[in-house]
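The structure under discussion appears below in the form of C-alpha cells.
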Amino acid sequence: PALHDALANSDGVRSLILAPTRELARQIAQHCVNALPRSVEAKRLVCCIVGGLAEQKQERQLALAPSIVVATPGRARELIEDGKASTVAKALEERTLRFLILDEADRLLAPGAFADFTLLTKRYLVDHAERPRKRWQTLVFSATLACGSTGPTRDKKRKRQTDADPRALLKAVEPLRSPTRKLEVVDLTSRKEEDADEEEEENVALPSTLTLEAVRVVDAAKLATCYALLRGGSKGKTVVFTNAISSVKTVASALQKLQIPRVPPLHAALQQRQRLRALDAFEKHDDAVLVATDVAARGLDVAGVSLVIHYDVAPTMKLFVHRAGRTARAGRDGRSVSLVGPRDAARHESIEAALGAPFADRKIDARVVAEAADRARLAKKLADAERHAARDRAGRDWARRAADAADLVLDDDAVVEAGGSSQRDLDAMLEEAGASRPQGRMAVVNADTLRMLAEEKARDAGPRPREKKRRKKKA
C-alpha cells in the first residue's frame, strides 16, 4: 500500500520506514526502488538516510520531498533536529504522513535499545492534547515479535542479553496505533490453520526447509571445524556468525589465509563505505563467505545463502532465529550448523529447548578436522600477528603525530625498537609459512615468544662482563 500511495500522491513525505541497522534500511530502500515501474524516477519517490554517509547529499535528497523515506532512528533524529529534514518534520507535525512502518520492531522497541527512537516517539509519534487526532497507519514487522520468554530483558547476574517479554513489546506498540483502530497481530508464518490452537509457547515457526545441525567441538578446534565445513562441498553462499568484533577479524583473516576465496568481514566498527563494499562483494559471488556479528542477523535478504554457521552460539533464542533465517528463504533449502563448545553448551541447550526440536548431530570426518587443524592453527597465529603489527603501526603513527603537534624531536630508532618487533615477527612467520618443507613439521610461536627469544639471543651475542679476579689473601 505504501508504494501505491506514493505513486498516487506526490505532495510530500507519505511513508516513513524505520529500521535498526544501516544495511537493512539500504536493503528496504532498494526493494522499494525495484518494485517501482521503470518509467518512474526512483530518487524522487524513495530516499534512504543512514549514518556514516555525507549529510549534505542526504539533505539534498530530502529537499526533493520524496514520498517514501527509509531511515535509521539516529540519522533521522539528527537531521530533523538540525533542520535538514524539514519535509519529514512537516509530515510528522502536520500529520500528513500516511504510513509509519517499523521493521524489526522488537529491536526498535526494546527498552533502552534505541534512545533516538524513544526521543522521536515522544516528540512526534504519540498523541498530545494540542495535536489533531488525524493519524497515520502504523505497521510493525518482526520475525520474533511474538516469541520469547517472560523473563527480564537483561540478566543482572551475568550481565548478558536475554529474550524480552513479548507482552511488553506489544504494550510498547500500543501508543503508536491510531485511536480509531484496534491493535491487530497478523501471523505471516507458514503454520497451518489446524496448528493455530497449539500451546502458546510454540510461537516460533521456522521454515520447514531449514535443517538444524550441531557439532560438538572444543574451543581450540572451532576454526578447523569451520574450515572443514566450508571445504565440505556446500554450494552457495555462507554466513559465519560470531559474538564479538574481535572474533570476526580473527576468523575472517584466518579463512583468507586458508585460501577460502572472498571472505568479507562485516561488523559495526567498520566505516559505512566498508560495510557497503563487504555486502556488495558477498552479493556478487555465489561462493562468498560473510563473517559477521549480529549486525547482519536481522532482515538481510541475500539470495543464494545455503549455509549459516554459528561460530559462537547466539546469546538468545531470538538472535538464533534471526541468524538462521538468513538461509532457507522463500521455500529454498538451507542448513544451520552450530559449533557448540564447552562454554556454549548451556546456551545451546536453552535454544534447543525453546525451539522444541532437537538438533541433528553433524558428523565430520575426524581425519579431515585433524588435517585442517595444523593449517587453521597457523592461519590464526598469522592473523593475530597481523593484528598486533597493525596495532604497533598505529601506535607509531600516533606517537609521530603527537610529537609533531608538541614540536618535539622523536627518536625514530626508539619508536621502531618499541613498536616494530611485531611487524618483524610477522615477516619472519610469513617467510617460514611460504617456504616448502615437505619432510619436516613447522613450529610457529606467537609474537611475544619470538620477541623474548630475540632478546635472549641479543644478550647472548653481546659482550660478557669481565669476571673479577679473586685476590689471594696474604698470610
Side-chain angles (χ1 to χ4, degrees), residues 1-22 24-105 108 114 116-141 173 175-181:
L3 291 173
H4 288 291
D5 182 77
L7 292 172
N9 301 277
S10 58
D11 54 349
V13 178
R14 302 282 296 176
S15 300
L16 176 61
I17 305 176
L18 295 177
T21 64
R22 301 171 183 177
L24 181 55
R26 172 177 170 267
Q27 178 180 278
I28 293 171
Q30 188 60 47
H31 283 329
C32 292
V33 170
N34 294 340
L36 292 173
R38 292 185 178 180
S39 59
V40 176
E41 191 175 1
K43 68 179 181 180
R44 291 190 174 274
L45 283 184
V46 181
C47 174
C48 181
I49 55 173
V50 297
L53 299 177
E55 291 184 10
Q56 293 78 7
K57 181 178 179 180
Q58 295 176 357
E59 184 180 2
R60 291 195 301 270
Q61 292 174 335
L62 290 172
L64 299 175
S67 298
I68 300 175
V69 175
V70 186
T72 51
R75 179 50 63 92
R77 184 189 68 85
E78 183 180 356
L79 293 181
I80 290 174
E81 290 186 349
D82 293 344
K84 299 178 180 179
S86 57
T87 53
V88 179
K90 179 181 177 181
L92 292 171
E93 291 174 348
E94 298 182 3
R95 300 304 173 97
T96 58
L97 193 72
R98 182 67 182 85
F99 296 100
L100 172 64
I101 302 174
L102 309 181
D103 199 9
E104 299 298 340
L108 287 173
F114 284 87
D116 296 312
F117 179 76
T118 303
L119 293 174
L120 283 175
T121 300
K122 291 180 179 178
R123 184 170 179 182
Y124 297 105
L125 305 183
V126 298
D127 283 318
H128 295 282
E130 65 274 10
R131 292 205 179 115
R133 303 299 289 179
K134 182 180 178 182
R135 287 296 302 244
W136 48 76
Q137 183 179 4
T138 301
L139 304 173
V140 298
F141 296 90
V173 175
L176 302 178
R177 73 177 181 88
S178 171
T180 59
R181 294 174 180 266

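Side chains included, hydrogens not; waters and symmetry mates left out as well; all remaining heavy atoms used.
- The side-chain heavy atoms of Val69 and Leu62, taken from C-beta on, include a pair separated by under 4.5 Å.
- The shortest distance between side-chain heavy atoms of Phe141 and Glu104 does not fall below 4.5 Å.
- Side-chain contact between Asp82 and Leu79: absent, with no pair of heavy atoms (C-beta onward) separated by less than 4.5 Å.
- The minimum heavy-atom distance linking Pro20 with Asp103 is given by the pair CD-O, 3.3 Å.
- The closest donor-acceptor contact from the side chain of Arg75 to the backbone of Leu53 lies under 3.5 Å.
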ask   = Given the rule in the side chain to side chain contact (heavy atoms under 4.5 Å, CB included) test, do Leu16 and Phe99 qualify, once you have shown the distances and angles that lead to the verdict?
value = CA-CA 6 Å; Leu16 176 61; Phe99 296 100; over 6 Å; no

request  = Kindly determine whether Val70 and Ile49 satisfy side chain to side chain contact (heavy atoms under 4.5 Å, CB included), including the steps that lead there.
outcome  = CA-CA 6 Å; Val70 186; Ile49 55 173; over 6 Å; no

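- Side chains of Thr138 and Ile101 form no contact here, defined as non-hydrogen atoms less than 4.5 Å apart.
- Looking at Glu59 and Lys57, their side chains never come closer than 4.5 Å, going by heavy atoms from C-beta outward.
- Of all non-hydrogen atoms in Arg77 and Leu119, the two that sit nearest each other are CD-CD1, 3.7 Å.
- The backbone N or O of Asn9 sits less than 3.5 Å from a side-chain atom of Ser67, completing a donor-acceptor pair.
- The closest donor-acceptor contact from the side chain of Thr118 to the backbone of Phe114 lies under 3.5 Å.
- Side-chain atoms of Gln137 and Leu139, non-hydrogen and from C-beta on, do get closer than 4.5 Å to each other.
- Counting all heavy atoms, side chain and backbone alike, Ala19 lies closest to Leu108 at C-CD2, 4.3 Å.
- Looking only at distances, no side-chain donor or acceptor of Asp5 sits under 3.5 Å from a matching main-chain atom of Pro1.
- The two residues Val46 and Ala29 have their closest heavy-atom pair at CG1-O, 3.9 Å.
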request  = Start with the C-alpha gap between Tyr124 and Glu93, add the side-chain angles, then the distance that decides, and say whether side chain to side chain contact (heavy atoms under 4.5 Å, CB included) holds.
outcome  = CA-CA 7 Å; Tyr124 297 105; Glu93 291 174 348; 3.6 Å; yes

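- Heavy-atom minimum distance, Val140 versus Ala105: CB-CB, 3.7 Å.
- The minimum heavy-atom distance between Ile80 and Ala89, with the atom names listed, is CG2-CB, 4.1 Å.
- For the pair Ile68 and Leu45, the minimum side-chain heavy-atom distance is 4.5 Å or more.
- Between Arg26 and His31 the shortest side-chain heavy-atom distance does not fall below 4.5 Å.
- Under the 3.5 Å distance criterion, the side-chain polar atoms of Gln58 are matched with a main-chain donor or acceptor of Val50.
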